[in-house]
Every structure is written in C-alpha cells, then in structure tokens.
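Both counts, for ligands and for their atoms, begin at 1 and track the order of listing. This is a predicted model, so every value here is computed, not measured.
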Amino acid sequence: MAVEFSTPIRFLRGVGEAKNACFAKLGLVTAGELIGFFPRSYEDRGNIKLVSECPEGENCALLLTVRSAPVLSRSMRSGISYIKFTAGDESGSVEVTFFNQPWLEKSIVVGRRFRFYGKLNYGSYCLEMSSPEMEVYNPELPSILPVYPLTKGLTQGAVSGAMREAACLIDLLPETLPQSLREKHGLMSRRDAYRALHFPKSMEEVAKAKHSLAFEELLVFQLAVRRLRGKLETFNAPAMSYKDTGIGRFFSSLPYELTGAQQRTVKEVLGDLCRSVPMRRLVQGDVGSGKTVIAAGAMLFAVKNSYQCVLMVPTEILASQHFDTLTKLYEGLDISVELLLGSTPAKNKKKIKEGLKNGSVDIVVGTNAVIQKDVEYCSLGLVITDEQHRFGVVQRAALAEKNAERQPHSLVMSATPIPRSLSLVLYGDMDISIIDELPAGRQKIETKAYSDEKREAVFAFLKKQIGAGSQAYIICPLVEENEELDRKSVEAYAELMQSYLPNVRAEFLHGRMKSADKDRAMKAFAAGEVSVLVSTTVVEVGVNVPNATVMLVENAECYGLSQLHQLRGRVGRGTKKSYCILMTGKGSEKSMERLSVMSQTNNGFEVANADLLQRGPGDFFGSRQSGELRFKHASMADMPLIEQTHKAIDEIEVGAGYTAEDLRMIYTAVDSFFDENGSKEIFN
Ligand code: ADP
Ligand code: MG
C-alpha cells in the first residue's frame with residue numbers, strides 16, 4: 001500500500017502499537033504530520049578527528065579499531081553491568097565503557113572498526129569515553145545525523161526509521177513559492193528543504209534548508225496578515241466626529257498636561273475613529289508612559305458618538321484597576337461603565353449582558369469574558385486591548401468578527417517595546433503609535449542586584465522605607481514551597497516577614513486565590529492599609545499604586561529582563577524616589593551580569609533589545625505571548641531574514657518581476673494560512 005499524507009503512522013513499516021503511542025504523545029498521528037516533524041539539532045559525525053586532536057568534554061567523532069576484547073562485569077553493589085574495552089587510532093587509544101548494554105559484547109571484536117560519537121574525557125590514567133554512539137564503520141555511513149525531540153520509549157533510530165518510510169511523501173509536497181522568487185532569494189524548493197532537514201548531506205545544506213523554510217513561513221505569515229488588513233479596509237466602521245464629545249474639556253480637566261507623545265497619539269487615534277475604515281492601531285509605550293488616559297479619552301469619544309466600547313485586559317486584577325480608574329476619570333460625565341469577569345456572579349453577568357445588548361451600558365471592562373460568544377452588543381464601536389502581548393493575531397481576528405457588517409475600531413496597547421522590523425512582523429496588520437516620552441518629573445528607578453548574603457541589609461533598607469510611609473511589593477516565583485526548587489514562595493514568605501519585618505502589615509497575593517480574595521488584598525494595598533504586598537507575578541501588568549516605592553524581586557534570575565522591567569514599572573509612579581531590588585538566590589556571576597542591564601537603563605526599548613540578545617526570541621515571546629502564533633522555522637532574532645522578507649513582500653505587492661501565475665501560487669499559500677490557523681471566517 002502506498003503511503004499517503006493521511007496514512008496513520010501506525011501503518012508505517014516498523015511502527016508497532018508502542019511506538020505509535022509515543023508518536024501520538026508528540027502530537028503526531030499521520031505520515032503527513034511526521035514529515036513536518038523536524039530535528040531539534042544535528043550531530044556532525046562526518047568530521048572525524050584523531051584521538052590526539054580531540055578537545056576534552058566536547059562531542060566529537062572518532063574512527064577507532066577495537067584493540068582489546070571486551071570485559072563484561074557487574075557491580076556487586078548496584079547490580080549495574082558494564083562492558084569495558086580499548087579502541088584506538090594511529091594517534092592514541094581510548095578506554096570505552098558501556099553501562100547496562102550486555103548485548104553489545106558480541107559485536108565488539110578485536111580488529112573491527114567503529115565510528116564513535118561522544119565526549120572524550122581525560123581519566124586518571126587514560127583517555128575515556130562513556131556510552132558513546134557506536135556504529136560499525138563503512139564509508140557509506142551518513143555523516144550528519146538528525147536529532148529529533150523524543151519522548152520516553154522512542155529512540156532516534158525509531159524516528160529516523162519511520163521517517164524513511166514516510167519520505168516518499170516529500171516528493172508529493174506542493175510548492176508554495178514560485179521558482180522565480182526562490183531563485184531571486186537563494187531559496188531551496190520545499191521538497192529539497194524537507195529532504196535536507198531529515199536526510200542531511202552537510203550542515204551547509206541544513207542551514208540553507210532552514211533558511212528557506214523560515215523565509216517561506218515569515219513571508220506567508222506577513223502576506224496573510226496584510227491580506228487580513230486589506231480585507232478590513234473594505235469593511236465599514238462607524239465614522240465618528242468631534243462634535244459635542246467634550247473631548248477637549250476632558251483632557252484639559254486632567255490634573256496634568258499630556259506629554260507631546262501622548263498628544264500625538266491621541267490625535268492619531270481620534271483621527272482613525274473619524275474614518276469609516278476600521279482602526280487597527282497599536283500604541284506602544286513604556287510602562288508608565290500614560291497609555292490608560294489615552295484609552296479613556298478614546299472611549300469617551302466613542303461613547304459620546306453613541307457607541308459602546310470594550311476594554312479587554314489579560315488579568316482580573318488589572319481589569320478591576322482599570323475599572324476604578326475609568327470610574328474616577330469619568331466622574332460627572334454620565335457614562336455607564338461595567339466590570340465583567342469570569343468570576344462575576346451569574347446574576348450580575350446576566351444584568352451586564354442585558355445592558356450591553358439593550359445599550360444601557362456604554363463601556364465594559366474585563367478579561368476575555370467580554371468576547372465570549374454569548375456577549376452581544378447593541379452598538380459596539382471600539383475595542384481596546386491592553387497589555388496585548390497575550391492576545392495574538394488570530395485572537396484579534398476573532399474579535400474583528402464580532403460585528404460582521406459593522407466592524408468596531410480596534411486599539412491595542414502594549415508596554416513591550418520591540419524593534420520596528422519585528423513590529424512589522426508581529427503587528428503587520430496595524431498602524432503603530434509610539435509613546436517615546438515619559439511624563440515630566442519621572443525619576444530614574446534605582447535598580448540593584450544583590451545576592452542572598454546581603455539579605456540583612458536589604459531588609460533593613462526596606463524597613464526604613466516602610467517606616468517613612470512608603471509601600472513595597474515583594475515578588476516571589478512560587479505560590480507554595482517546593483522541596484525541589486530552591487526558590488522563594490509567597491506562602492513561606494510570611495515566616496521571612498516575621499523574622500525580618502515584624503509588625504509590618506502585609507497582604508499575600510497569587511493567581512490561585514479566589515478572585516474576591518485577590519481583589520481584597522489588592523484593594524487593601526492600593527488603599528495603603530498594608531505596607532507590603534507579597535505576590536507572584538500576577539501584579540506584573542498595569543497595576544498602579546503611586547505610594548509604592550520599592551519593588552523587591554526574589555529569585556530575579558528566574559525572569560527575563562523585559563518581565564523584570566514590567567515589574568519595575570510598578571514603582572516610581574508617584575513623586576517619591578523609587579527602588580528596584582533584584583535578589584538572586586545564589587548570586588551566580590552569570591546572573592549578576594545578566595541583571596546588570598537593569599541597573600544601567602530604565603528604558604524599555606533598551607531592556608527589550610538586551611533581552612532579545614540574551615535569551616533569543618523563543619523565550620522572549622514564549623513566556624509572554626501564550627496567545628501568539630508560534631513560528632515553526634523562523635526566529636524573530638534573525639533580523640537579516642526579517643529584513644529580507646520585508647523586501648520580498650514589497651516586490652510581491654507591486655508585482656515586480658513576477659508573472660500572474662507566480663502571484664497566484666503565492667496567494668494560494670497565503671489564503672490557506674488562516675484556514676490552517678483557525679480564523680477563516682475573516683476571508684469570507
Ligand atoms: P501605562 O502606560 O504604563 O499604562 P498609566 O496609564 O498607568 O501608564 O500611567 C501611569 C501614571 O502616570 C498614572 O498615574 C497616570 O495618571 C499618570 N500620567 C499619565 N499621563 C501623565 C502625564 N502626561 N503627566 C503626568 N502624569 C501622567
Ligand atoms: Mg497600562
């Protein structure tokens with residue numbers, strides 16, 4: 001039977017029940033899915049070294065002849081069996097040991113040549129290799145070996161074997177990019193690229209294949225996003241007007257003057273709202289740059305134009321806080337604001353939903369409870385998502401579908417500053433306003449990293465601050481004590497507080513608490529009733545308590561720099577001098593050095609760049625953007641690749657150098673993008 005894309009892996013030769021279950025654990029069921037499962041890395045076993053030139057402790061390939069008969073022994077104490085023998089080349093010999101693989105004994109014959117791959121160690125009286133990979137040598141052995149991500153019960157050999165059985169499918173893969181484009185940008189065909197990744201001949205070939213697939217992925221993604229945007233441009237949105245909105249009065253009645261950057265952003269946002277094309281705007285501004293008031297102004301503008309608004313945020317705490325802020329800002333303006341959370345009692349939920357449906361509620365603030373299918377709006381005009389890095393392109397598309405014939409305007413607020421070329425990829429469906437200016441008088445937040453030995457002094461400092469009437473946040477990575485992890489927990493912190501800060505009132509906050517309890521703790525802190533808030537990172541986004549002057553982060557080594565920057569942004573919101581203290585458990589030199597960036601700059605853009613460099617974008621986005629698409633091949637740190645795709649896109653959009661057939665081919669791939677990624681309705 002010929003293998004097809006839909007053939008179950010179970011039906012491939014050599015795959016039994018047990019292996020099939022392992023593949024399923026990796027999310028692989030069909031042969032088609034299998035060939036889309038790529039190696040995590042490669043072993044270069046073709047670069048054969050002499051024993052004498054092998055660096056210690058690094059993986060290397062050796063071609064050795066067995067020189068002594070294997071001795072099989074068993075440790076009396078542990079019961080482990082091991083085989084020892086000597087093998088060597090012209091430059092020297094190595095003692096090789098295998099544990100618990102007694103069956104190998106038969107094949108190890110004096111005079112036989114093997115290729116070994118593993119780490120060479122300098123033992124006390126000879127060179128040693130422990131459990132290396134061992135293959136009977138013949139000149140045909142493949143030199144580059146793919147290393148697939150595995151799961152218990154599955155070996156590299158099993159994956160490679162199944163892959164060989166499914167390999168015929170590679171010749172059936174449809175090409176997505178026309179030859180003209182591939183030639184221009186030096187890309188391999190998809191078929192060649194898949195072949196190279198699974199059955200590589202050289203590392204150069206692997207690199208080129210990766211580049212080709214990453215290029216294709218980024219190109220198609222960006223074109224799809226632009227297409228989404230183009231589609232939206234043909235939709236209708238409510239064109240609003242300045243008349244009788246009182247928007248000027250609103251801004252001039254604030255206790256402060258907007259910064260130049262805020263003013264520019266407000267103008268851009270309100271300008272968009274006055275057009276009949278749906279706004280798609282991203283406002284990027286560092287923590288504390290004053291995005292909330294811009295959101296408030298935009299919503300006031302929409303409400304006074306008789307439209308409803310949604311303000312959507314990722315956490316309930318932040319929703320509550322925004323709700324309070326808006327209620328205060330709108331005092332005397334006759335605007336009805338409601339808070340809708342997953343934890344809102346059913347009775348209230350029902351009432352709010354009715355109000356949204358009949359139009360008596362103007363603004364609803366909430367978590368993604370506000371975009372559930374059963375929430376209907378009477379005249380939704382503006383959707384704002386705050387701290388948006390948790391909502392991805394696909395979720396944005398889902399939001400846009402809420403009002404098919406009348407699209408609401410959409411405004412996204414983000415405090416994660418990222419380089420512009422990256423914004424073009426991740427937010428290619430949007431216009432971007434950047435608030436690159438903090439309100440006047442903001443002080444630099446003094447930031448320092450300390451190791452555990454300095455705890456005494458750190459707490460003395462904390463005591464002094466609290467004595468002077470300030471408040472402090474203490475962030476711990478864990479909710480409960482965990483024996484295995486040497487990290488601080490919120491629950492255990494009560495004891496630490498007892499010994500270091502007796503008589504200081506504290507509240508404890510973490511994501512596993514009931515919503516009402518969280519709310520109570522947060523409110524008590526915001527009202528100044530307690531001096532210390534011990535919390536997990538649930539306070540990370542958006543929370544605003546101007547009297548808090550100290551942010552102490554325990555086990556700071558556990559966090560990315562951007563996340564630390566967000567945490568730091570919780571202080572320095574008032575007039576008082578503020579501090580960010582980064583405690584590192586062991587105070588290792590490496591984490592100290594990594595954290596030193598935080599002391600050097602308070603600028604979110606600089607922190608984000610350092611973060612990208614340090615960790616790579618997988619982690620950078622992985623931890624934050626649970627809702628964002630994951631790229632399979634493309635790395636967001638590969639700036640040259642990103643630039644190259646931007647150029648290609650410009651060419652495609654003007655059609656330069658491409659035949660109609662070429663373009664049709666590209667756009668077929670683009671069209672199927674949202675089909676495969678769960679939001680095809682948008683293209684109806
Ligand atoms: P973020 O951009 O992080 O969401 P916020 O909107 O929470 O920042 O604003 C932080 C603080 O700055 C708030 O207390 C807000 O009232 C204040 N603020 C906003 N704009 C200005 C301004 N132009 N001048 C002074 N303070 C401002
Ligand atoms: Mg904010």
Side-chain angles (χ1 to χ4, degrees), residues 247-248 250-267 269 281-300 311-331 365-367 384-391 411-418 432-445 471 473 522 525-528 537-549 551 562-576 578 580 602-605 607-608 624:
I247 189 73
F250 170 76
F251 283 120
S252 58
S253 71
L254 295 171
Y256 46 79
E257 209 175 313
L258 293 187
T259 62
Q262 280 175 313
Q263 287 178 25
R264 199 177 59 232
T265 303
V266 165
K267 229 176 167 170
V269 170
R281 185 170 291 279
L282 171 72
V283 173
Q284 247 185 23
D286 210 342
V287 256
S289 61
K291 295 183 288 293
T292 314
V293 73
I294 293 173
M299 290 194 286
L300 167 75
L311 176 57
M312 185 160 76
V313 297
T315 66
E316 300 211 338
I317 289 178
L318 188 52
S320 305
Q321 179 140 38
H322 274 323
F323 174 75
D324 293 343
T325 307
L326 290 179
T327 310
K328 268 191 223 113
L329 281 170
Y330 292 153
E331 226 161 355
V365 182
T367 49
I384 301 183
T385 48
D386 192 12
E387 308 298 350
Q388 152 309 321
H389 29 256
R390 311 225 169 155
F391 302 107
L411 184 65
V412 170
M413 308 278 196
S414 168
T416 308
I418 50 174
I432 301 179
S433 298
I434 293 177
I435 311 185
D436 49 5
E437 184 184 355
L438 290 183
R442 284 282 157 80
Q443 299 175 17
K444 185 170 181 291
I445 299 161
Q471 289 167 277
Y473 293 95
M522 194 63 228
F525 185 68
T537 52
V538 286
V539 302
E540 179 190 339
V541 275
V543 174
N544 192 25
V545 180
N547 190 45
T549 61
M551 166 59 68
S562 292
Q563 202 176 2
L564 290 173
H565 183 68
Q566 290 285 327
L567 287 169
R568 174 166 67 180
R570 298 309 109 217
V571 296
R573 302 192 145 232
T575 46
K576 293 199 245 178
S578 294
C580 176
N602 265 242
N603 180 314
F605 271 94
V607 171
R624 309 197 50 99

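- Contact detail for Ser289 and Leu438: the closest heavy-atom pair is CA-CD2, 3.7 Å.
- Applying side-chain contact (heavy atoms from CB on, under 4.5 Å) to Val283 and the options Asp386, Leu411, Val412, Ile384 leaves one that passes, Leu411.
- The closest approach between Glu257 and ligand 1 falls below 4.0 Å for a heavy atom of the residue.
- Of the candidates Lys576, Gln471, Arg573, Lys576 is the only one forming a side-chain contact (heavy atoms from CB on, under 4.5 Å) with Thr549.
- Against a heavy-atom cut-off of under 4.0 Å, Arg573 is close to the following atoms of ligand 1: 3 (O), 7 (O), 10 (C).
- Within the 4.0 Å heavy-atom shell around ligand 1 one finds Ser289.
- Proximity of Gln262 to Ile294: side-chain heavy atoms (C-beta onward) are separated by under 4.5 Å at one or more points.
- Looking only at side-chain heavy atoms (C-beta outward), Arg568 and Asn602 come within less than 4.5 Å of each other.
- Ligand 1 has an N or O atom lying under 3.5 Å from an N or O atom of Gly290, backbone or side chain.
- Among the atoms of Gly288, some N or O lies under 3.5 angstrom from an N or O of ligand 1.
- Applying the 4.0 Å criterion to heavy atoms of Leu258 picks out, from ligand 1, the atoms 23 (N).
- The closest side-chain heavy-atom distance from Leu329 to Phe250 is below 4.5 Å.
- Those atoms of ligand 1 with a heavy atom of Val287 less than 4.0 angstrom away are 3 (O).
- The two residues Met413 and Lys291 come nearest to each other via the heavy atoms CE-O, 3.5 Å.
- When Lys291, Gln263, Gln321, Gln262 are ranked by how near their heavy atoms come to atom 1 (P) of ligand 1, first place goes to Lys291.
- Compare Thr292, Ile294, Ile435, Val293 by their heavy atoms: the one nearest to atom 5 (P) of ligand 1 is in Thr292.
- Close approach to Thr259 involves these atoms of ligand 1, each under 4.0 Å from a residue heavy atom: 23 (N).
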